[in-house]
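Taking it in order: structure first as structure tokens, then the write-up.
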Protein chains: 2
Amino acid sequence: MTTQELVAQIKAKQSFLCIGLDVDLDKIPVSLLLEDDPIFAFNKAIIDATHHLCVAYKPNTAFYEAYGLKGWQSLQRTIAYLNETYPEIFTIADAKRGDIGNTSTMYAKAFFEDLEFDSVTVAPYMGKDSVEPFLAFKDKHTILLALTSNQGAFDFQTQALQQKAELYKTVLETSKTWENSEHLMYVVGATKAEFFKDIRAIVPDSFLLVPGVGAQGGNLQDVCKYGLNSQVGLLINSSRGVIYASNEDDFAEKAKDKAEELQQQMAEILQNN
Amino acid sequence: MTTQELVAQIKAKQSFLCIGLDVDLDKIPVSLLLEDDPIFAFNKAIIDATHHLCVAYKPNTAFYEAYGLKGWQSLQRTIAYLNETYPEIFTIADAKRGDIGNTSTMYAKAFFEDLEFDSVTVAPYMGKDSVEPFLAFKDKHTILLALTSNQGAFDFQTQALQQKAELYKTVLETSKTWENSEHLMYVVGATKAEFFKDIRAIVPDSFLLVPGVGAQGGNLQDVCKYGLNSQVGLLINSSRGVIYASNEDDFAEKAKDKAEELQQQMAEILQNN
């Protein structure tokens, strides 16, 4: 999917909501556990109920790998269902991969070719040659971890480098020089809305994937104030806040209500911007 | 597996060799492609031929994920075969994971509980709460990326921090303060043997997993000169150099020869140390 197609979808739906599909079997309605593939059954119900209110879905691969082969199969079924049924949706494999060159190429093949995701999240620690293999894929997007939403972000990411800016800013600056860097997006945690101003000074045009609105304490208005650009340029993720709005049989309906609430707030922001 | 058991194995075998099981279907003997599970068939032959010469195997998950569900199944079969047949072997899931707390717990479950690996490689970029969930597992080991063997290591890892040491040294220093840090090992690339002296000053007792000897240009003697400690404290990895020593039907025998060559060099180093 091209960035233009993503932007067109955002404008049509008046939403820049991304829903995180982080399925934990301990948290879904017990009635689903009787299904042949409870994780896929849960995802399908959530997707069918919310696809018109969001522009992206983001399964975090950890939640699938934890269930082994069956989990990987559920992930495969989920992305296949999305691509077949709602091809307009932007799909994100939240995998946080990154390795030396030839190995990153294998990861890129896994997520872009085998599973056919539109994008994948990648960790920057190993530098240029660990990221460029992902960037080489046309019409695919690499979402680089810049400033994450957890407490540990302060361990290294916000540390200042000698004669350079903080590590996360140096990651942003440096990544702009990599080949095919126009395929880059960035993960920026919403718990630090005040940082968005500095980030926009470095990457004014890039899309930012923002976790941590809602459950993790980030504020949508604050993020939008500093983070929106002329092409919207934001994907706001909510995982638990939407998909676990209820753990009864009405879970899909309640997830829809929650997604609708967020979409309405986004529509209002877009209209006033 | 405890560190003591690993050290005992090293001393008994006079080897600190780790063999990387990075299987690429384009590089294995064509005769294996007729097998039901060519990747597992290849791994099993390599393992049966080399298990007495090495102390660890390290499948890189990228090479399995690239083949989708079938690849994940091959990984599962490989680790199950290792645990059943050669339980004395130290197993490393080279997965380079790392995510916010509850998500890292899911990855830890995937590799430590579902697949039953002894250890997993983890990226440090997201800090303390992204690594501690792995460290919480008793008799399991977390191998943190410190200084990697690729060119991109110079993008961020070797950059000096203000009022602190270079990023990779700060990662080493900081990680020592994390809960259960006695379960930590570190990835240190062998292409930078001169750095081992500084690293040993920070983590004198930890095991270091060293990729990049052989194909990537690192020198075994140089690494040992600065890297060995009283408990050996090194695992030297070779992947392509061993497993692709031949791509004919004698591949397992040739892999054994190559592994034996490395083991002999290691035995000599251990005897002279």
Side-chain angles (χ1 to χ4, degrees), chain A residues 22 24 60-69 71-73 76 94-111 113-115 123-132 145 148-157 159-164 167 170-171 174 211 216, chain B residues 22 24 60-69 71-73 76 94-111 113-115 123-132 145 148-157 159-164 167 170-171 174 211 216:
Chain A
D22 303 346
D24 183 337
N60 186 310
T61 52
F63 289 80
Y64 299 84
E65 292 177 22
Y67 298 110
L69 208 58
W72 198 263
Q73 198 158 36
Q76 207 172 49
D94 194 0
K96 301 187 175 70
R97 299 298 198 261
D99 209 306
I100 61 167
N102 71 321
T103 310
S104 273
T105 299
M106 299 304 270
Y107 278 129
K109 281 184 184 172
F111 292 106
E113 288 183 353
D114 184 66
L115 291 171
Y125 191 73
M126 294 180 70
K128 173 173 164 149
D129 59 80
S130 70
V131 182
E132 283 187 344
L145 303 187
T148 58
S149 60
N150 63 321
Q151 188 59 29
F154 296 98
D155 281 348
F156 309 119
Q157 296 167 26
Q159 300 283 326
L161 298 183
Q162 236 166 31
Q163 295 160 328
K164 286 188 182 167
L167 178 59
T170 306
V171 166
T174 306
Q216 291 179 56
Chain B
D22 303 347
D24 183 337
N60 187 309
T61 52
F63 289 80
Y64 299 84
E65 292 177 21
Y67 298 110
L69 209 58
W72 199 262
Q73 199 158 36
Q76 207 172 49
D94 194 0
K96 301 188 175 69
R97 300 298 198 262
D99 209 306
I100 60 168
N102 71 320
T103 310
S104 274
T105 299
M106 299 304 270
Y107 277 130
K109 281 185 184 172
F111 291 106
E113 289 183 351
D114 185 65
L115 291 171
Y125 190 73
M126 294 179 69
K128 173 172 164 148
D129 59 78
S130 70
V131 182
E132 282 187 344
L145 303 186
T148 58
S149 59
N150 62 322
Q151 189 57 31
F154 296 99
D155 281 347
F156 309 119
Q157 297 168 25
Q159 300 283 327
L161 299 184
Q162 235 168 32
Q163 295 159 328
K164 286 191 183 166
L167 177 60
T170 306
V171 166
T174 307
Q216 292 178 57

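A note on names: the letters A, B, ... follow the listed sequences, proteins ahead of strands, and every chain is numbered from 1.
You'll find the side chain of T170(A) stays beyond 4.5 Å of the side chain of Q159(B), heavy atoms only. Looking only at side-chain heavy atoms (C-beta outward), T148(A) and I100(B) stay at 4.5 Å or farther from each other.
Expressed to the nearest 0.5 Å, how far CG of L161(B) lies from CG of L161(A) amounts to 5.5 Å. How far OG1 of T103(A) is from CG of D94(B): 8.0 Å, rounded to the nearest 0.5 Å. Interatomic distance, OH of Y125(B) versus OH of Y125(A), reported as 11.5 Å (0.5 Å rounding). With rounding to the nearest 0.5 Å, the separation of CZ in F63(A) from OH in Y107(B) is 9.0 Å.
Contact count versus chain A (heavy atoms, under 4.5 Å) is highest, among Q163(B), K96(B), M126(B), for M126(B). When each of K128(A), Q157(A), E132(A), Q73(A) is checked for heavy-atom pairs under 4.5 Å with chain B, Q157(A) comes out on top. Between chain A and the residues T174(B), L115(B), D22(B), D99(B), the largest count of heavy-atom pairs under 4.5 Å involves D99(B). Chain A forms more heavy-atom pairs under 4.5 Å with one residue of D24(B), V131(B), D155(B) than with any other, namely D155(B). Of the residues considered (N102(B), V171(B), L145(B)), V171(B) shows the highest number of contacts with chain A, using heavy-atom pairs under 4.5 Å.
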Open item on the list: Set out, in order, the CA-CA distance, both residues' side-chain angles and the distance that settles side chain to side chain contact (heavy atoms under 4.5 Å, CB included) for Q162(A) and K164(B), then state yes or no.
Closed with: CA-CA 9 Å; Q162(A) 236 166 31; K164(B) 286 191 183 166; over 6 Å; no
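The parts of A160(B) that come within reach of chain A are both its backbone and its side chain, each placing non-hydrogen atoms under 4.5 angstrom from that chain. Heavy atoms of F111(A) lying under 4.5 Å from chain B belong exclusively to its side chain. Looking at Q151(A), both its backbone and its side chain come within 4.5 Å of chain B, counting heavy atoms on both sides.
Here the closest non-hydrogen pair linking E65(A) and D114(B) is O-OD2, 4.4 Å. In terms of heavy-atom proximity, A62(B) sits nearest to M106(A) at O-CB, 3.6 Å. Of all non-hydrogen atoms in D129(B) and G152(A), the two that sit nearest each other are OD2-N, 2.6 Å.
With sequence neighbours excluded, the residues that form a side chain to side chain contact (heavy atoms under 4.5 Å, CB included) with T105(B) are K109(B), P133(B).
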